[in-house]
Amino acid sequence: MTNLEHKKIFKAAGIEMWPAEKIQAFRKALLGWYDKEKRDLPWRRTSDPYSIWVSEIMLQQTRVDTVIPYYHNFLDKFPDIAALASAPEDAILKAWEGLGYYSRVKNMQKAAQQIVAEYDGVFPEDPQEIAKLKGIGPYTAGAVSSIAFQIPEPAVDGNVMRVMSRLFEIDADIAKPASRKIFEAVVRELIDPERPGDFNQALMDLGSSICSPLNPQPEISPIKDFNAAYKNGTMHLYPVKSKAKRPVPMNLQGIILQNKEKQFLLEKRPNSGLLADFWTFPLIQLELDAIPGSEDATLEPATIQTELLVAEDFPKLTEAAKKADKKLPSFNQIEAQLSAAVAEKYGLKPVWLKAETGSVNHVFSHIKWHITGYYGRVLTNADSELPAQCRWVNEEDFADYAFPVPQQKMWQQFQQQTRKEFGL
DNA sequence: GATCCGTGGAT
DNA sequence: TATCCAAGGAT
């Protein structure tokens, strides 16, 4: 982008760019602080582009403290581009389990395969080539280019936008993707051509500490003399950031099924969308509103059929289960739909424990799940018609499967509560 | 350009 | 508890 284009952007955004001397002084102040105060992070002890790339992908929308153990484990399992490119997908998902935004690791493997195919397995140094790799957007391209290859490219993340919005009193909404180009233009003017990687990292370190979103401390900032908002008493106005929408509530039923061999039914989720390719207990969404009277709190107690279950299928089931019958008077109304859904989707006819066996809340970025758990045993041997993505799994083998956190919560509740209460 | 895509920590 | 947030990218 040319200097002329920068000027147009600055004018439109009401930004007055500093003269050259001030820019020089800013670089010196920022990098001087960084040299003294920079954090000792694992990815700052290497110059390996692959390792730096891994760290940058993991750090997307994720805290440093969370990333560190994953970073070490991932490099241990997949030490170089070739290893990542040829790894089984379930292995890379397992290595990412719990980190969130799971498409990151699938995209990273695709990029590794791209590098093997198109760049002879060597990480490209040209920023424009780097930006072509799957999962690498403008931020990550700039970060890797500057940190691994000392190329003066801006790496504009949330930290940098916050810092710059305060330094220049920029009113652009940092929640809008279109705003990023304004901040990129600013950083292109400011970035130190001698130490671009350190410059970008210094901005991020500053943004995550002294120039934090809440309770910033501009009075002790190494660049307070450059902070227009601080000087003008407008710190509280920056950055401008529109609020995110609330997650939409969604009610689901989590079905924990065991067969005669005491294996659990697991289902692999579709290969795109939420929690893609991760394993969960079957999740269904009953339209419970359709149950006549389900919104009525004064339901008749369910017929107590627990003794039938006790005798035939749940040898250790005790008084607790009888209480459960009363605790959940509407179960007999849910049971019909539950059975129908499980029969249709999984071809199974379980005998149900007539109780809710757990309640899990989990908040994603845009959805809020409330999962009500149910438990049943499948006593027939007709398990040959399981859907393709389903399988019976021994409890001891769970460690081989990548589970999202909602599934881990369901499993924990089952172990700690349902299993103890009902002696399952 | 708006929406989708996780998780855990801080307040 | 509710809310916001944290080194974004794909569609």
Side-chain angles (χ1 to χ4, degrees), chain A residues 38-39 41-44 52-71 93 96-108 110-111 130-148 154-163 173-181 183-184 187 197 199-209 211-216 239 241-250 269-278 280 361-369 402-409:
Chain A
K38 69 174 175 184
R39 289 173 289 178
L41 302 173
W43 43 90
R44 289 182 177 169
I52 292 167
W53 173 37
V54 170
S55 76
E56 289 300 340
I57 299 296
M58 288 186 169
L59 285 163
Q60 289 171 3
Q61 301 291 289
T62 311
R63 289 186 151 73
V64 166
D65 291 342
T66 303
V67 164
I68 289 173
Y70 284 89
Y71 173 80
L93 292 178
W96 215 267
E97 178 187 74
L99 201 49
Y101 285 148
Y102 299 109
S103 66
R104 289 184 289 178
V105 71
K106 295 204 279 187
N107 285 334
M108 197 163 54
K110 285 177 193 159
I130 294 173
K132 288 181 188 171
L133 297 171
K134 195 80 175 168
I136 294 190
Y139 163 76
T140 306
V144 175
S145 296
S146 63
I147 297 169
V156 174
D157 70 337
N159 284 313
V160 173
M161 288 193 282
R162 181 172 57 257
V163 172
D173 184 349
I174 68 169
K176 305 264 187 207
S179 300
R180 201 197 67 250
K181 67 180 192 303
F183 295 93
E184 279 182 353
V187 174
F199 182 91
N200 284 332
Q201 291 184 88
L203 283 181
M204 292 189 277
D205 265 20
L206 191 74
S208 64
S209 56
C211 196
S212 57
L214 280 58
N215 307 319
K241 188 176 185 181
S242 54
K243 291 184 195 277
K245 285 194 291 190
R246 281 202 179 128
V248 177
M250 183 178 289
R269 293 177 60 81
N271 70 358
S272 66
L274 185 64
L275 306 175
D277 287 324
F278 274 64
T280 63
N361 285 300
H362 190 77
V363 183
F364 300 96
S365 315
H366 57 303
I367 304 173
K368 185 191 292 189
W369 275 3
F403 292 135
V405 170
Q407 165 69 18
Q408 295 178 18
K409 289 179 180 173

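Letters go in sequence order (proteins before strands), and every chain restarts at 1.
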Given [options], which nucleotide is nearest the side-chain atoms of [X]?
X        : options             : value
A:Gln61  : B:dG8, B:dC5, C:dG8 : C:dG8
A:Arg63  : B:dG6, B:dG9, C:dG8 : B:dG9
A:Pro406 : C:dG8, C:dC5, B:dT7 : B:dT7
A:His366 : C:dA6, C:dG9, B:dC5 : B:dC5
A:Ala178 : B:dG1, C:dC5, C:dC4 : B:dG1

For C:dT11, what is the paired nucleotide under Watson-Crick or G-U wobble rules, both distances under 3.5 Å?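 Result: B:dA2.
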
Suppose we define a pair by two distances each less than 3.5 Å, Watson-Crick or G-U wobble; what does C:dC5 pair with here?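 B:dG8 - that is the nucleotide pairing with C:dC5, both distances being under 3.5 Å.
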
Quick check for you: to the nearest 0.5 Å, what is the distance between A:Trp53 atom CH2 and A:Leu133 atom CG?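 Output value for this atom pair is 6.5 Å.
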
Atom P, compared across C:dA6 and B:dT3: separation rounded to whole Å: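 Per the computed distance, 22 Å lies between those P atoms.
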
Provide the distance between the two P atoms, one in C:dG9 and one in B:dG8, to the nearest whole Å.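 22 Å, rounded to whole Å.
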
For B:dG6, does the base pair up with any side-chain atom of A:Ser365 as donor and acceptor (N or O, under 3.5 Å, distance only)?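 In this structure, the two groups form a donor-acceptor pair.
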
Donor-acceptor pair under 3.5 Å: do we get one between A:Thr62's side chain and the base of B:dG6?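 Yes.
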
When you measure from the side chain of A:Lys241 to the backbone N and O of A:Arg162, does any donor-acceptor pair fall under 3.5 Å?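 Not at all, since once roles are kept as given, no pair shorter than 3.5 Å links the two residues.
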
Is the A:Phe278 ring parallel, tilted or perpendicular to the A:Tyr102 ring (thresholds 30°, 60°)?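 Judged by the thresholds at 30° and 60°, the geometry between A:Phe278 and A:Tyr102 is tilted.
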
